Amino acid sequence: MRLDNMLLAEGVSGPEKGAASAAAAAVAAAAGGSPNDGSIEHSDYRAKLAQIRQIYHSELEKYEQACSEFTNHVMNLLREQSRTRPISPKEIERMVGIIHRKFSSIQMQLKQSTCEAVMILRSRFLDARRKRRNFNKQATEVLNEYFYSHLANPYPSEEAKEELAKKCAITVSQVSNWFGNKRIRYKKNIGKFQEEANLYAMKTAVDAASVSSQASQANSPGTPNSGTHSHM
DNA sequence: TTCCATGATTATCC
DNA sequence: GGATAATCATGGAA
């Protein structure tokens with residue numbers, strides 16, 4: 001059922017090697033796919049996955065063996081009993097069925113715990129928090145410029161987010177994260193950010209001044225507009 | 001090593 | 001579905 005599918009998808013069950021790396025690659029892609037990062041971490045991940053896989057298979061084999069041994073045992077018992085009382089093939093069949101069901105429920109548990117192990121491994125290795133990199137200086141500058149020049153309403157539209165993402169070479173969700181963090185942290189401690197706020201206010205003021213002086217002379221101090229639309 | 005900054009995730013709310 | 005608040009986990013300066 002579901003567990004089987006999951007184990008298959010993770011490359012734990014299913015064909016030998018290769019599946020593991022395919023799963024790792026798929027997982028990396030799902031995790032957001034940084035273009036050029038830790039092959040070391042991935043090989044580590046693969047090694048751990050292979051370990052889980054090996055344990056899973058050896059346990060599975062053990063269970064299968066135990067199952068067939070036990071079945072044989074029961075069959076022998078029944079055969080012995082058949083000397084003293086009549087035993088129908090139906091009864092034997094039913095017994096075998098019961099045994100198999102019992103063992104498959106044990107296997108289910110094995111699958112479940114294997115799934116859990118894989119999930120833990122995944123979260124340990126692929127949780128993005130574990131490989132956080134600060135954005136580069138220029139990116140934070142761009143984001144801060146936007147934030148402080150829209151301090152009254154620091155909620156960039158979807159298009160604005162896309163543009164910021166492009167400018168900063170990050171994803172739109174990273175932009176959203178950044179603004180989410182910034183808003184809450186700013187609100188919590190406005191004092192701490194005062195200096196930064198002044199800095200960026202000045203910067204945008206200088207920008208505006210240079211732009212307006214470059215354009216012409218007619219300007220009003222409160223133009224709520226910084227239309228920089230660069231489509232590529 | 002410690003401590004703060006920071007990006008990401010999670011739970012919860014609307 | 002996006003925003004907020006709390007929290008996690010790491011980077012990097014002190």
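Chain letters run A, B, ... following the sequence lines, proteins first and then strands; every chain starts at 1. These figures come from a predicted structure and were not determined experimentally.
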Under 4.0 Å from OP1 or OP2 of B:dA5: is there any side-chain N or O of A:K192 that close?
yes
Phosphate contact (C:dG11 OP1 or OP2) by A:R133 side-chain N/O below 4.0 Å:
yes
For DNA chain C, which residues of residues 173-188 of chain A approach it to below 4.0 angstrom with any heavy atom?
A:R183, A:I184, A:R185, A:K187, A:K188
Heavy-atom side-chain contact between A:Q81 and A:I87 under 4.5 Å
yes
Is any side-chain heavy atom of A:M95 closer than 4.5 Å to a side-chain heavy atom of A:I92?
no
Please set out all donor-acceptor pairs under 3.5 angstrom arising from side-chain atoms of residues 170-181 of chain A, sequence neighbours excluded.
residue: A:T171; atom: OG1; partner: A:S173; partner atom: OG; Å: 3.2
residue: A:T171; atom: OG1; partner: A:Q174; partner atom: N; Å: 3.1
residue: A:T171; atom: OG1; partner: A:Q174; partner atom: OE1; Å: 3.4
residue: A:Q174; atom: OE1; partner: A:T171; partner atom: N; Å: 2.9
residue: A:S176; atom: OG; partner: A:K161; partner atom: NZ; Å: 3.2
residue: A:S176; atom: OG; partner: A:V172; partner atom: O; Å: 3.2
residue: A:N177; atom: ND2; partner: A:S173; partner atom: O; Å: 3.4
residue: A:N181; atom: ND2; partner: A:N177; partner atom: O; Å: 3.3

Just how far, in rounded Å, is [atom2] of [N] from [atom1] of [X]?
X      : N      : atom1 : atom2 : result
A:F135 : B:dA5  : CZ    : C1'   : 13 Å
A:K161 : C:dG2  : NZ    : P     : 7 Å
A:L143 : B:dA8  : CG    : P     : 11 Å
A:N136 : B:dA5  : CG    : C1'   : 16 Å
A:R132 : C:dG12 : CZ    : P     : 8 Å
A:Y155 : C:dA3  : OH    : P     : 8 Å
A:E162 : C:dG2  : CD    : C1'   : 15 Å

Other than A:I184, what residues sit in its cluster of Ile, Leu, Val, Met, Phe, Trp and Tyr side chains whose heavy atoms are under 4.5 Å apart, directly or through others?
none
Taking the ring centre of each residue, are A:F147 and A:Y186 less than 6.0 Å apart?
yes
Can you get from A:Y148 to A:V206 by hopping between Ile, Leu, Val, Met, Phe, Trp and Tyr side chains that sit under 4.5 Å apart?
no
